[in-house]
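Please read these numbers as outputs of a predicted model, since none were measured by experiment.
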Amino acid sequence: FFNEAYRKLWQLDESWLKTRPTEGAVLDRLRELGRLPQVVNYSEWKANILSGYGDNPIEDDTWLLPDGRTLQVRPEKRSDGGITYLFVDDTERLAMERDHTALIGVQRETLDSLKEGVALFGTDGRLKLFNLALAEFWQISPRTLAEEPHVDEFIALARELFDEPQTWARLSRAVTAFNEVREEFGGQMLRSDGKIIDYVSMPLLDGATLVTF
């Protein structure tokens, strides 16, 4: 059995597939057409696949095709001794993941180039994103910030330099409140080391809170 998606995936002739070729013959045809992964020893690779019809266990595999596609190959043994193959084209998903990773990298570089300290708190009240300036502003280890401390844990560390309960309590409520109407606010902090810090708390549409210093 094969479906139309399988035929299109491998660009095989439907009339030839209806002659019910063996899996070995299918692999040979695909190799002739240059559509299988490039392997050092094709005979050994093919034998390993066909061994699944015996007592050997079969496992999922990833095939990198010459045309740049990435396939997830998921074989499953049937009760009659046959094998059903599910081929999943993972190319687009992997490309999106790479693009997302690259975007996060660009955003990280952009944030780290800012002189302002940036803190993004999620809806659970934990620090989801920060830049190096934030760590320097409040003399907190980047490793500690990377552990996603709760806003109250962050405040406990920052109070070493600015110990005014009212200001910190307002910032904490801004991050953890579930009010439908959340407003942007800001002010100044006169720290114990003489520095004057402007701060702004901005609610985001997804429920997160962005705080800049």
Could I get the full list of side-chain contact (heavy atoms from CB on, under 4.5 Å) partners for [X], not counting sequence neighbours?
{"X": "L17", "answer": "F2, Y6, R7, L12"}
{"X": "Q188", "answer": "I196, D198"}
{"X": "T62", "answer": "L64, T70, Q72"}
{"X": "R31", "answer": "L36, Y42"}

Contact check, side chains of [X] and [Y], non-hydrogen atoms, under 4.5 Å:
{"X": "L129", "Y": "V118", "value": "no"}
{"X": "T167", "Y": "F162", "value": "yes"}
{"X": "K46", "Y": "V39", "value": "no"}
{"X": "E184", "Y": "P203", "value": "yes"}
{"X": "D163", "Y": "S192", "value": "no"}
{"X": "P75", "Y": "T84", "value": "no"}

CG of L120 to CG of L127: how many Å apart, nearest 0.5 Å?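 One gets 7.5 Å once the value is rounded to the nearest 0.5 Å.
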At what distance, to the nearest 0.5 angstrom, does CZ of R69 lie from CD of E92? 13.5 Å
Please tabulate, for the side chains in residues 139-151, all donor-acceptor contacts under 3.5 angstrom to protein atoms that are two or more places apart in sequence or on a different chain.
from: S141; atom 1: OG; to: R143; atom 2: N; distance (Å): 3.1
from: E148; atom 1: OE1; to: K128; atom 2: NZ; distance (Å): 3.1
from: H150; atom 1: ND1; to: D152; atom 2: N; distance (Å): 3.1

When you group the ILVMFWY residues by side-chain heavy-atom contacts below 4.5 Å and let the links chain together, are [Y] and [X] in the same group?
{"X": "Y85", "Y": "L9", "result": "yes"}
{"X": "L114", "Y": "V200", "result": "yes"}
{"X": "I58", "Y": "L86", "result": "no"}
{"X": "W10", "Y": "L33", "result": "yes"}
{"X": "L190", "Y": "L171", "result": "no"}

Looking at every heavy atom in both [X] and [Y], which two are closest together, and how far apart are they?
{"X": "P66", "Y": "G34", "value": "CG-O, 3.4 Å"}
{"X": "V26", "Y": "P21", "value": "CG2-CG, 3.8 Å"}
{"X": "L65", "Y": "P37", "value": "CD2-CD, 3.9 Å"}

Any residue meeting salt bridge (Lys or Arg N to Asp or Glu O under 4.0 Å) with [X], in chain and number order, not counting sequence neighbours:
{"X": "E153", "value": "R126"}
{"X": "R173", "value": "none"}
{"X": "R74", "value": "none"}
{"X": "E44", "value": "none"}

State which residues pass ring-ring contact (aromatic ring centres under 6.0 Å, His included) with [X]; sequence neighbours excluded, sorted by chain then number.
{"X": "F213", "answer": "W138"}
{"X": "W16", "answer": "none"}
{"X": "F185", "answer": "none"}

